[in-house]
Protein chains: 2
Amino acid sequence: MKRRTVRHVTASDVARASGVSAMTVSRVFSGRAPVGDRTQRKVLAAARTLGYRPNQIAQSLALSRTQTIGVVVPEISHSFFPEAIRGIEEVTYRAGYHLLLMHSAETAERERDALLTLESKRVDGILLSVAQDAGPTHPYRRVVQLGIPLVFFDRCVSGIGATCVSIDDEESARVITAHLIGHGYTRIAHLAGPRSLAISRARRAGYRAALLGAGLACDDALIVSAGLHEQAGYAAMVSLLALPVSKRPRAVVAINDPAAYGAMLAVMHSGLRVPEDVAVVGFSDDLRAELMPVPLTTIRQPAYELGRTAAAELIAQIQGATAGKKQKTVGTELVTRRSCGCVTPADTESPARPR
Amino acid sequence: MKRRTVRHVTASDVARASGVSAMTVSRVFSGRAPVGDRTQRKVLAAARTLGYRPNQIAQSLALSRTQTIGVVVPEISHSFFPEAIRGIEEVTYRAGYHLLLMHSAETAERERDALLTLESKRVDGILLSVAQDAGPTHPYRRVVQLGIPLVFFDRCVSGIGATCVSIDDEESARVITAHLIGHGYTRIAHLAGPRSLAISRARRAGYRAALLGAGLACDDALIVSAGLHEQAGYAAMVSLLALPVSKRPRAVVAINDPAAYGAMLAVMHSGLRVPEDVAVVGFSDDLRAELMPVPLTTIRQPAYELGRTAAAELIAQIQGATAGKKQKTVGTELVTRRSCGCVTPADTESPARPR
DNA sequence: TTGTACGCGTTATCAA
DNA sequence: TTGATAACGCGTACAA
């Protein structure tokens, strides 16, 4: 005959049991008020026997503070985001904040929904990575105007006064493209991401900058619009392979690792070899990069570090720091493996040791 | 001169602006009460111009319901959990619940902490996967006694009256071991997990059952205690390879995929081949299984499905269903790849098509 | 159909 | 050092 409705012990219960007022109980638990030594012991004893835990919902209402941070991600299981979330959690946990995790599923509608919900739930701040098909209207602006601290991570929107923590996409794309150029490639294609995403535009710009900086022509026929996934990379590569042999690229800079993987498969399925016939490089260094049929040369995105940085920045803003830089970047690293054809076999012959 | 403290629009503000009482505003937004047609329009108009959103903290306090579910996971970025969380999110989102994500980092202390916090935050229910070094005291019992619905997923604790959703570890381990036996292996080792985990015990039991069921001896020297990670698998395999050649196993059943990966590397680093000299099979089918130096034969754990099932079960309990089965299992699948030496090369020569 | 009074559990404020 | 009271923003119960 269990009662269904949970009956929780309140401060008044503890107060009654220990012969003081509810206010004193509150003081004991909040810690920041003078309480008599004996009183304190009495209260704590009563609280222990009754199993009292302060009701954080009531606290939140009274204090207008929830100690909770909303995290909005476009994907949950793409390896980048779990890592970033781990970084976020690491920092927020230490600072005494908890995470409300929302999933936008790459859609503008669910992202908007998530923000409104987080507003209703009165989170103290929001960390957000923009959905791929974020629409034209910006629900972010409302958040900023309400005065809710907002920090974008990885995928940002500029011009609305929110801080952005990301890698330097343009510079990183320039570096990896220049790496190919430095090893003698000249006909280099780019599997570009959706134009709606700032990272797509930045990476494309870096790709162009590298070509132009090396005095190479930038042939628009070699820039193919793709999505962010394997299938899209596969399809885009197929279309590049359909070009006349003389126009066919000898190397490909993919928008990210999954797209690079798709491209790699397309090359192999067409009977060509990576990197001998077509070199492929990615962007992300997700878990699988090292284990692909041909280990992938890519840009390592420090997802964990990025999450930490974004979280630290948000907490600083919540705690009233005068908003610092609007743009923070965390460093990336070029990871050279076999797929770019720039390494001697000996370097990568034996499988990596466990890490 | 922005004010730092967020000033939110309340129901009273809307009431004043539309010439009704706060109660009527509440009725309009909760939907379940008779409200005059004209009144409704007035209220909605005022709410829109003012940008009113109900304060869910206040709602929660009044209703003793937060529409929030706590999710406690021991690891965030191990590929299994992101997938499971995605399944959980899918179901809870549709049912109008939100997720408070807590990370126990495989420690009993942080797990306990997480549960107390979730209690304080008055979540409507909790989904939990047990930490590896969960101590002897069970903080779960308190949760159950308080009447907070609790459902374990993947890693469970029995005997405290909470439902458990998991795969049938014992049966799955039996199946994959039997698969090896069916292909002629007789000296089969097991890289076992920590005894403290129920899944470790179950998988070990399945391994034994397969051997005994086939009339094979179960040699304790071939059961090596390992952890759940690459390094542990590597070390355990090294110790097996140090056995006299006649006692050395021809096949290894690892507790999970990371351990199998470590074992595979150990075999290769010792100059032997997988599967020709030592066959290796795993358990999990994480993302990397397909892409390992030798593609890994393993048990596919439907993490997504498991998350969905656990979430659905929890919501049913929250909504007052008489607690159903205490134990639910979701099906697994044997995924045969090259590492077990049971497949002809032709089957796996070309890389998989994109999925 | 609408409004008033009160409670949810806590904290800030002021008085003792 | 401690207690009484009001307030946080909303919903239930009842009255109008």
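For clarity, every value in this text was computed on a predicted model and none was experimentally measured. By convention in this document, chain letters (A, B, ...) are assigned in the order of the sequence lines, proteins followed by strands, and residues within each chain are numbered from 1.
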Residues in salt bridge (charged side-chain N to carboxylate O under 4.0 Å, His left out) with [X], at least two apart?
X        : result
B:Asp124 : none
A:Arg27  : none
B:Arg112 : none

Salt bridge B:Glu90-B:Arg94, side-chain N to carboxylate O under 4.0 Å: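 The answer is yes: the pair qualifies as a salt bridge.
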
By side chain to side chain contact (heavy atoms under 4.5 Å, CB included) - contacts of [X] (at least two apart):
X        : result
A:Ser21  : A:Met23, A:Thr24
B:Ala310 : B:Leu127, B:Val151, B:Phe153, B:Val165
B:Ala17  : B:Ala46, B:Leu50

Enumerate the residues from residues 44-61 of chain B whose closest heavy atom to DNA chain C is under 4.0 Å, giving them by residue number; use none for an empty result.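 Those residues whose heavy atoms fall under 4.0 Å from DNA chain C, taken from residues 44-61 of chain B in numerical order, are B:Leu61.
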
Could you tell me how far apart A:Arg41 (CZ) and D:dT1 (C1') are, to the nearest whole angstrom?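 It works out to 15 Å between those atoms.
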
Expressed in angstrom and rounded to an integer, what is the separation of A:Lys121 atom NZ from D:dG9 atom P?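 Checked: the NZ to P distance equals 17 Å.
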
Cation-pi check, B:Arg110 onto A:Tyr93 ring (under 6.0 Å, within 45° of axis):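 Yes, B:Arg110 and A:Tyr93 form such a contact.
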
With heavy atoms of chain A within less than 4.0 Å as the criterion, where does contact along DNA chain C begin and end?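 Contact span on the strand: C:dG9 to C:dA12.
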
So for the helix from C:dT1-D:dA16 to C:dA16-D:dT1, with five pairs setting each end axis, what is the inter-axis angle to 10°?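 Here the helix ends are tilted 40° relative to one another.
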
Donor-acceptor contact present, side-chain [X] to main-chain [Y], <3.5 Å:
X        : Y        : value
A:Thr39  : A:Val35  : no
A:Ser196 : A:Gln132 : yes
A:Thr68  : A:Thr66  : yes

Upstream residue (5' side of DNA chain C) when B:Asp37 and A:Ala11 are each assigned their closest nucleotide: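 By nearest-heavy-atom nucleotide position, the 5'-most residue is B:Asp37.
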
Would you tabulate the nitrogen or oxygen pairs shorter than 3.5 Å linking the protein to nucleotides 12-16 of chain D?
none

According to the salt bridge (charged side-chain N to carboxylate O under 4.0 Å, His left out) rule, which pairs have a member within residues 53-78 of chain B, sequence neighbours left out?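 Residue pairs passing salt bridge (charged side-chain N to carboxylate O under 4.0 Å, His left out), neighbours aside: none found.
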
Disulfide bond (SG atoms under 2.5 Å apart): pairs with one or both residues in residues 122-159 of chain B, sequence neighbours excluded: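 Applying disulfide bond (SG atoms under 2.5 Å apart) to every pair that reaches into residues 122-159 of chain B, excluding sequence neighbours, yields B:Cys156-B:Cys164.
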
